[in-house]
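Reviewing the structure listed below.
Labels below follow one simple rule: chain letters A, B, ... track the order of the sequence lines, proteins then strands, and each chain is numbered from 1. Side chains included, hydrogens not; waters and symmetry mates left out as well; all remaining heavy atoms used.
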Number of protein chains: 2
Amino acid sequence: MTVTIREVAKAAGVSITTVSRALNGYSDVNLDTKRKVLEVAERLNYRPSQVARSLVMKRTRTIGLLISDFNREPGGQYFMFDVLAGIHERLAAVGYDLTLVSTTTAQQRLVSYLDLCTEKRFDGVIVMGIRLDDPYVHEVVEAPLPSVVIDLPLISKHCAYVMTDNVNGSRFAVRHLLERGHRKIGFVNGHQQAAVSQERRRGYEDALRVQKIPYEEDWVYNADFTLQGGIRGLKELLERHKDMTAVYFASDLMAIGALRYCREQGIQVPGDLAIVGFDNIDLTQFVSPTVSTIAQPRYEMGTTATDLLIGMLDDNRLGEGRMLSPELIVRETS
Amino acid sequence: MTVTIREVAKAAGVSITTVSRALNGYSDVNLDTKRKVLEVAERLNYRPSQVARSLVMKRTRTIGLLISDFNREPGGQYFMFDVLAGIHERLAAVGYDLTLVSTTTAQQRLVSYLDLCTEKRFDGVIVMGIRLDDPYVHEVVEAPLPSVVIDLPLISKHCAYVMTDNVNGSRFAVRHLLERGHRKIGFVNGHQQAAVSQERRRGYEDALRVQKIPYEEDWVYNADFTLQGGIRGLKELLERHKDMTAVYFASDLMAIGALRYCREQGIQVPGDLAIVGFDNIDLTQFVSPTVSTIAQPRYEMGTTATDLLIGMLDDNRLGEGRMLSPELIVRETS
DNA sequence: CTGTTAGCGCTTTCAT
DNA sequence: ATGAAAGCGCTAACAG
């Protein structure tokens, strides 16, 4: 069916070695033979099998993308899609393939994700959406397989990470509210299994401390990044603190939920209550009022992760951490 | 480095043939030998190379996902992500891998997309986001490689397709407006390189005809699915027809653009002008007023496409077309 | 500059 | 029930 290197060799009247060399651009091939080989290969419509090549080269030029939960919870997808676009674009540029692997696959097969990657002979993996309490976090870090983790500060010889500087992101948000004159600022955080949640809380704390405002637990509500979580968080904080004039949410989705609640309750935003979110999802520009937020460079996170991985693969560099800068975007809610 | 079948064989004191058979669950293996082999394989942490297996089996159990333009134009991503999730989920269930290929990769490598798939030895491909004027449309249909195209009614022995029933979707939208009493209904369509655009126009036409309302060209504006396109379309149609009371947009994004324009111009929606979109993207529920729309079963499009492909691959069925039903969702704009 | 030879790690006849 | 041998399509010493 498919034409192999052997047939090209025969048709060109040379050995398969010569064909291989000619096609792979080695210099020690007579120019005429080379031309001949290329011409024949073209004519026979020869396409070298990457499978065969992978077997002998012991490299597949394929990267696995491990997505912890390829769920379609609103919000999560925006983040993932852009990161994915970044990864894919950069990978294509350097000639690597990307294969999607969801951990659910591994679960149903009862093999660890790492075994799965071994069977597929991935050259490296990028991990996205992993949680602090995921059982295979350590597997990733300790494995000899080069990996890059997104949004979790794991680092080792073969494991790099990339994340947004969430501490600073939070600082920007809270500092901005402080500059607007707010002093009673609540914080609705994401769930505690996300590494970013710890960092965002820290930034909130830091920003307050700079202004000598003591950090107090009961100004913080731990929700879960979702719309409903935002509503719950706002409700709870409002009950605890009648004098609260601003709330910072660890996700735009929560902020938008809060916005919805405010409308129902007749709370003016930003008049009665200022709001800042996190992520800069598209929605923030479409709701009314538009939502102030902290932008993460999602696409760039993807390209950066890829660069780190390729660095380990092709230039055998060691794992390192890369922190990307967030950006404050002021809109109507603050 | 990695342990091979040979080492398992040696450690178990049998031939590699026996190991292969034991591991792949053949029945003609003595139960004791089998147990022994499995035990040794487990102990040595043996992971069979799918690369080697693919080479000899001539099947990679890998599907290529061809995305015509992995761009991040707002709107397109929502559609793609959900379809992708559906494909991925179903593929994982039947033990196939999914590899992303963007056509830009092919372009930069100066090989046709089909050659690329041949080199990678995909068992099949799913094509998404292809346009009518894409040069390789025919390549897909005529290739011996099993394929499924999303949103383009291409069919052949090895090529199936899945799309939403766009004609009916449009009918639903326009009929709904007619039922609301509208008679002067404009239509802002997507770009003409999308197959869905033709169908959506047809549905618009049909629905009017049923009510004996003549279809006239100047009530239709061909835009491009984008926010700005929606604004341009609405402007133009309003200029042409002062008496227009409703507009149907071929995408939610355009409808939302229109909504924005209406707010600027003080046009009441739905009071002065009723609006219906298409796609049911998340945004429709978040903007104010919320947007009436035609929902496409995006996730299901992914799973269906996968089922069709697997059918061709594993049960060697022929290419067929599958039409999925859209659904009218009435919200505040109509 | 080119060909011979030996694998990469697996599956699969074909004997035994 | 098991093993020997061939071979999937390619690359890479090593000679010449």
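If you run side-chain contact (heavy atoms from CB on, under 4.5 Å) between B:Thr306 and each of B:Leu91, B:Leu98, B:Val148, B:Ile63, only B:Leu91 comes through.
If you measure from atom CD1 of A:Ile16 to atom P of C:dG7, you get 15 Å, rounded to the nearest angstrom. Rounded to whole Å, the distance from CE on B:Met57 to C1' on C:dT11 is 7 Å. Atom CZ in A:Arg53 sits roughly 18 Å away from atom P in D:dC8 (whole-Å rounding).
Remark: the B:Ser15 side chain and the B:Thr18 side chain contain an N/O donor-acceptor pair separated by less than 3.5 Å. When only modelled atom types and interatomic distance are considered, A:Arg59 and A:Tyr96 share a side-chain donor-acceptor pair under 3.5 Å.
The base of C:dT4 is not paired with the side chain of A:Ser15 by any donor and acceptor separated by under 3.5 Å. One donor-acceptor pair, N or O on each side, does fall under 3.5 Å between the base of D:dA12 and the side chain of A:Thr17. Between the side chain of B:Arg21 and the base of D:dG3, a donor-acceptor pair under 3.5 Å is found.
Here the nucleotide nearest the side chain of B:Ala52, chosen from C:dC10, C:dT12, D:dG3, is C:dC10. The side chain of A:Ser49 sits closest to D:dG9 out of D:dT2, D:dG9, C:dT2. Side-chain proximity of A:Leu55 to the nucleotides D:dT11, C:dT11, D:dG9 is greatest for D:dG9.
Using a 4.0 Å cut-off between a side-chain N of Lys or Arg and a carboxylate O of Asp or Glu, B:Asp133 and B:Arg131 qualify as a salt bridge.
B:Ile155 has its side chain within reach of B:Tyr161: a pair of non-hydrogen atoms, C-beta onward, lies under 4.5 Å apart. Contact of the A:Arg121 side chain with the A:Ser54 side chain is not registered, since no non-hydrogen atoms from C-beta on lie closer than 4.5 Å.
Axis angle, first five pairs versus last five pairs of the helix from C:dC1-D:dG16 to C:dT16-D:dA1: 40°, rounded to 10°.
Put simply, A:Ser20 has no side-chain N or O that comes within less than 4.0 Å of OP1 or OP2 on D:dC10. The shortest distance between the side-chain N/O atoms of A:Tyr26 and the OP1/OP2 oxygens of C:dT2 is not below 4.0 Å. Checking the phosphate oxygens (OP1, OP2) of D:dG9, a side-chain nitrogen or oxygen of B:Lys58 falls inside 4.0 Å. Residue B:Thr18 places at least one side-chain N or O closer than 4.0 Å to OP1 or OP2 of D:dG3.
Remark: side-chain polar atoms of A:Asp123 are paired, donor with acceptor, to backbone N or O of A:Arg61 under 3.5 angstrom.
Within 4.0 Å (heavy atoms only), B:Val14 reaches sugar-phosphate atoms of the nucleic acid but no base atom. Among the atoms of the strands shown, base atoms are found under 4.0 Å from some heavy atom of B:Asp28.
Of all the residues in residues 31-39 of chain B, B:Thr33 reach under 4.0 Å from DNA chain D with at least one non-hydrogen atom. Residues of residues 2-12 of chain B having a heavy atom closer than 4.0 Å to DNA chain C, listed by number: B:Thr4, B:Ile5.
Classification of the B:His191-B:Phe225 ring pair by plane angle, with boundaries at 30° and 60°, yields perpendicular.
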